[in-house]
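Residue numbers start at 1 and run along the sequence shown.
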Amino acid sequence: MSHRDRLKRREELEIEILQQRIDMTMALRDWREATAPIDRGWQRLTQWRTAFIALGGFAAIRGLRKPRSTGKLMGRLLTGMMLVNRGRVAYRMLRNRRA
């Protein structure tokens, strides 16, 4: 392989590496855009970490003292959360249908 061929091959490889870097940058940007809602939600959860730990401790104490009523309360809370979520989805669907 001559010197000129090696220089040409080196330039081809440099162009290929540059294109791969551009592709990786675009993929990283797309990844960040796709995971942004999850990241925002996680940041919100970490802001309330201490409160969640305290509530978990109170729930554990109550669960040990009154397991049956705590189970019923948790079931009602879960049902309420699911109803609120379904209501939000229905509201968004109606709002988007009008637009």
Trainee: Do any pairs count as a salt bridge (Lys or Arg N to Asp or Glu O under 4.0 Å) and have a residue in residues 6-18, sequence neighbours left out, and if so which ones?
Mentor: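 Qualifying pairs: R9-E12, R10-E14.
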Trainee: How long is the straight-line distance from CG of D23 back to CG of L28, given to the nearest 0.5 Å?
Mentor: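 So the gap between those two atoms works out to 12.5 Å.
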Trainee: For M1, is there any backbone N or O sitting under 3.5 Å from a side-chain donor or acceptor partner on D5?
Mentor: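 Side chain of D5 to backbone of M1: no pair is present.
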Trainee: How far does CZ of R65 sit from CD1 of I61, to the nearest 0.5 angstrom?
Mentor: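 So the CZ of R65 and the CD1 of I61 are separated by 7.5 Å.
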Trainee: Take a 6.0 Å sphere around CZ of R32 and say whether it holds more than 12 heavy atoms from other residues, nucleotides or ligands.
Mentor: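 Result for CZ/R32: open.
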Trainee: How long is the gap from CD on Q20 to CG on L13, to the nearest 0.5 Å?
Mentor: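 Atom-to-atom, Q20:CD and L13:CG are 9.5 Å apart.
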Trainee: How far does CG of D30 sit from OG1 of T25, to the nearest 0.5 angstrom?
Mentor: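 The distance works out to 11.0 Å.
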Trainee: Heavy atoms, side chains only, cut-off 4.5 Å: are R62 and L73 in contact?
Mentor: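 Side chain of R62 against side chain of L73, heavy atoms only: contact under 4.5 Å found.
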Trainee: Let me have the donor-acceptor pairs involving side chains of residues 36-59, under 3.5 Å, with sequence neighbours excluded, atom names and distances please.
Mentor:
{"unit_1": "T46", "atom_1": "OG1", "unit_2": "W42", "atom_2": "O", "d": "3.3"}
{"unit_1": "T46", "atom_1": "OG1", "unit_2": "Q43", "atom_2": "O", "d": "2.8"}

